[in-house]
Number of protein chains: 2
Amino acid sequence: MEDEVDRLVAAWRRERPDLDVEPLEVLSRVGRLSRHLDIARRSAFAEHALEPWEFDVLTALRRAGAPYQLSPGQLLTQTLVTSGTMTNRIDRLAGKGLVQRLPDPDDRRGVLVRLTRAGQERADAALSGLLDHERAILAELSPAQRGDLAALLRQLVAPFDNLAD
Amino acid sequence: MEDEVDRLVAAWRRERPDLDVEPLEVLSRVGRLSRHLDIARRSAFAEHALEPWEFDVLTALRRAGAPYQLSPGQLLTQTLVTSGTMTNRIDRLAGKGLVQRLPDPDDRRGVLVRLTRAGQERADAALSGLLDHERAILAELSPAQRGDLAALLRQLVAPFDNLAD
DNA sequence: TGAAAGTGTCTCGACATCAAGATACTTGGA
DNA sequence: TCCAAGTATCTTGATGTCGAGACACTTTCA
């Protein structure tokens with residue numbers, strides 16, 4: 001089946017036949033799919049009264065394992081946002097009682113962000129919902145295709161992730 | 001090579017062994033790769049003094065072919081933003097002399113947005129630069145792998161793109 | 001030990017986005 | 001012809017993000 005990127009690439013070949021636009025076949029699709037997924041995630045989380053950014057922070061803490069705490073700096077590298085943004089997020093999550101800020105006993109500049117019981121429950125519920133939703137989207141592909149796709153994407157992402165971030 | 005998503009999936013399997021987190025292998029990678037690409041695009045466009053959103057609008061017009069004009073509504077469907085956002089973007093691009101607004105001769109509610117000569121030159125230059133940059137990123141994959149990846153992504157995106165947007 | 005460089009977090013102002021609603025025009029049918 | 005519904009764009013107010021810089025503390029090394 002055709003998609004918007006097929007139309008986009010065809011248009012470029014017509015308008016700029018001098019250029020090699022093959023990279024768009026992959027990277028424009030990544031961008032557009034991500035945009036669609038953001039929109040879909042937003043509605044999936046609405047059932048749990050969570051914004052996508054709240055989910056991102058809560059689940060990063062949940063994944064860390066007991067006692068479910070990380071520094072703001074560790075949260076930055078996982079969520080790819082800036083420090084000002086993270087401060088703001090932590091403030092709001094703390095205001096809703098989903099996380100709490102604790103002083104870092106080993107470094108007096110530092111802070112630890114810890115998931116509360118309520119935060120953990122919300123994160124767990126929202127994750128199940130998200131996975132159900134995503135499974136439906138991926139039903140377009142066979143299990144083997146999903147494996148191939150994951151492996152190809154890993155090859156592209158790995159250089160970014162393993163750079164000195 | 002390992003990436004952040006491998007670590008993320010391993011963490012979930014440890015913390016929530018009851019869940020099937022396989023969907024994350026694909027969709028989390030799409031999200032993270034898109035985020036990295038946004039950051040890389042931003043620096044690629046800086047050479048041409050363009051923001052990513054400016055590039056998106058200008059190239060949509062450029063792709064339309066002579067006389068390089070589209071309605072705001074057509075621009076909406078291509079860029080996946082809301083109408084308020086598009087009004088704002090057109091205002092700013094018009095202020096910089098890269099596009100101009102013309103009344104639609106066939107529908108007095110409507111407006112046509114037309115690329116200026118300066119806008120066309122900026123769009124063309126930025127596109128070449130972007131493609132060079134993206135080719136470097138995709139050099140991780142063989143030509144055959146790039147083709148496979150494009151095809152798999154198309155299968156996932158097509159249902160979204162062909163839905164009644 | 002002391003100073004310089006490094007690190008971790010937060011503050012602040014600018015700005016792009018969204019959602020909802022307002023406005024103006026067009027279309028289809030009674 | 002006229003009205004109701006539909007469509008295209010813009011306006012407004014709230015909000016989240018970024019970037020740069022401030023501040024406090026830690027580390028390194030002479």
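All of these numbers come straight from a predicted model, not from anything done at the bench. Chain letters run A, B, ... following the sequence lines, proteins first and then strands; every chain starts at 1. When reading the values below, keep in mind they use all heavy atoms of this one structure, side chains included, and skip hydrogens, waters and symmetry mates.
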**Student:** Taking atom P of C:dA19 as reference, at what distance in whole Å does atom CE of B:Met86 sit?
**Tutor:**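 So the CE-P distance, B:Met86 to C:dA19, works out to 14 Å.
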**Student:** Look at A:Arg101 and C:dT9 and indicate whether a side-chain polar atom (N or O) is within less than 4.0 Å of OP1 or OP2.
**Tutor:**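 No.
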**Student:** Hey, does the side chain of A:Thr85 come within less than 4.0 Å of D:dT17's phosphate (OP1/OP2), counting only N and O?
**Tutor:**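 A:Thr85 to D:dT17 OP1/OP2: no side-chain N or O under 4.0 Å.
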**Student:** Can you tell me if the side-chain N/O atoms of B:Arg42 get under 4.0 Å from OP1 or OP2 in D:dC18?
**Tutor:**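 Result: no.
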**Student:** C:dT17 C1' sits how many Å from B:Leu80 CG, rounded?
**Tutor:**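 Going from B:Leu80 (CG) to C:dT17 (C1'), I get 14 Å.
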**Student:** If you pin A:Arg109 and B:Arg35 to their nearest nucleotides in DNA chain D, which one's is more 5'?
**Tutor:**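 The residue mapped nearer the 5' terminus is B:Arg35.
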**Student:** Counting only side-chain N and O atoms of A:Arg108, is one of them less than 4.0 Å from OP1 or OP2 of C:dT9?
**Tutor:**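 No.
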**Student:** Measure the distance from CH2 on B:Trp53 to P on D:dC18 and round it to the nearest whole Å.
**Tutor:**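 In whole Å, D:dC18 P lies 17 Å from B:Trp53 CH2.
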**Student:** What integer distance in Å separates B:Leu112:CG from D:dC10:C1'?
**Tutor:**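 Going from B:Leu112 (CG) to D:dC10 (C1'), I get 16 Å.
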**Student:** Would you mind checking if B:Arg135 and A:Asp20 are paired as a salt bridge, meaning a charged N to carboxylate O distance below 4.0 Å?
**Tutor:**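 A salt bridge is present here (some side-chain N lies under 4.0 Å from a carboxylate O).
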**Student:** What is the separation between atom CG on A:Asp106 and atom C1' on C:dG8, rounded to the nearest whole Å?
**Tutor:**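 After rounding, the reported distance stands at 14 Å.
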**Student:** Looking only at side-chain atoms of B:Thr87, point me to the closest of D:dT11, D:dG16, C:dT9.
**Tutor:**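 My answer, after comparing the listed nucleotides, is D:dT11.
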**Student:** Take A:Glu51 and B:Ile90, find for each the nucleotide of DNA chain D with the closest heavy atom, and name the residue whose nucleotide sits nearer the 5' end.
**Tutor:**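 In this pair, the answer is B:Ile90.
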**Student:** Could you tell me how far apart A:Asn88 (CG) and D:dG19 (P) are, to the nearest whole angstrom?
**Tutor:**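 Taking atom P of D:dG19 as the reference, CG of A:Asn88 is at 15 Å.
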**Student:** Choosing from C:dT9, C:dC18, D:dG16, which nucleotide comes nearest the side chain of B:Val81?
**Tutor:**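 Among the listed nucleotides, the one closest to the side chain of B:Val81 is C:dC18.
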**Student:** Report the distance from atom CZ of A:Arg89 to atom P of C:dT9, rounded to the nearest whole Å.
**Tutor:**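 Going from CZ in A:Arg89 over to P in C:dT9 covers 16 Å.
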**Student:** Identify whether the distance between the nearest side-chain nitrogen and carboxylate oxygen of B:Glu54 and B:Arg92 falls below 4.0 Å.
**Tutor:**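 A salt bridge is absent here (no side-chain N lies under 4.0 Å from a carboxylate O).
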**Student:** Between A:Arg146 and B:Glu25, is there a side-chain N and carboxylate O pair less than 4.0 Å apart?
**Tutor:**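 Here A:Arg146 does not pair with B:Glu25 in a salt bridge, since their nearest N and O are not under 4.0 Å apart.
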**Student:** Hydrophobic cluster membership, with links at side-chain heavy-atom distances under 4.5 Å among I/L/V/M/F/W/Y: are A:Leu127 and A:Trp53 in one?
**Tutor:**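 Yes, A:Leu127 and A:Trp53 fall within the same hydrophobic cluster.
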**Student:** From D:dA20, C:dG8, D:dG16, pick the nucleotide closest to the side chain of A:Asp107?
**Tutor:**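 It is C:dG8.
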**Student:** Please compare B:Gly84 and A:Gln74 by the position of their nearest nucleotide in DNA chain C and report the one closer to 5'.
**Tutor:**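 In this pair, the answer is A:Gln74.
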**Student:** Check every strand shown and say whether B:Asp104 touches a base, only sugar-phosphate, or nothing at a heavy-atom separation below 4.0 Å.
**Tutor:**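 Result for B:Asp104 = nothing.
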**Student:** Using whole Å, what does the distance between atom P of nucleotide D:dG16 and atom CG of B:Asp38 come to?
**Tutor:**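 Interatomic distance, CG of B:Asp38 to P of D:dG16: 20 Å.
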**Student:** I'd like to know if B:Lys96 pairs up with B:Asp91 as an ion pair, taking the criterion as any Lys NZ or Arg NE/NH1/NH2 lying under 4.0 Å from an Asp or Glu carboxylate oxygen.
**Tutor:**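 Looking at B:Lys96 and B:Asp91, the cut-off is not met.
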**Student:** Just N and O in the side chain of A:Arg92: are any of them under 4.0 Å from OP1 or OP2 of D:dG16?
**Tutor:**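 Yes.
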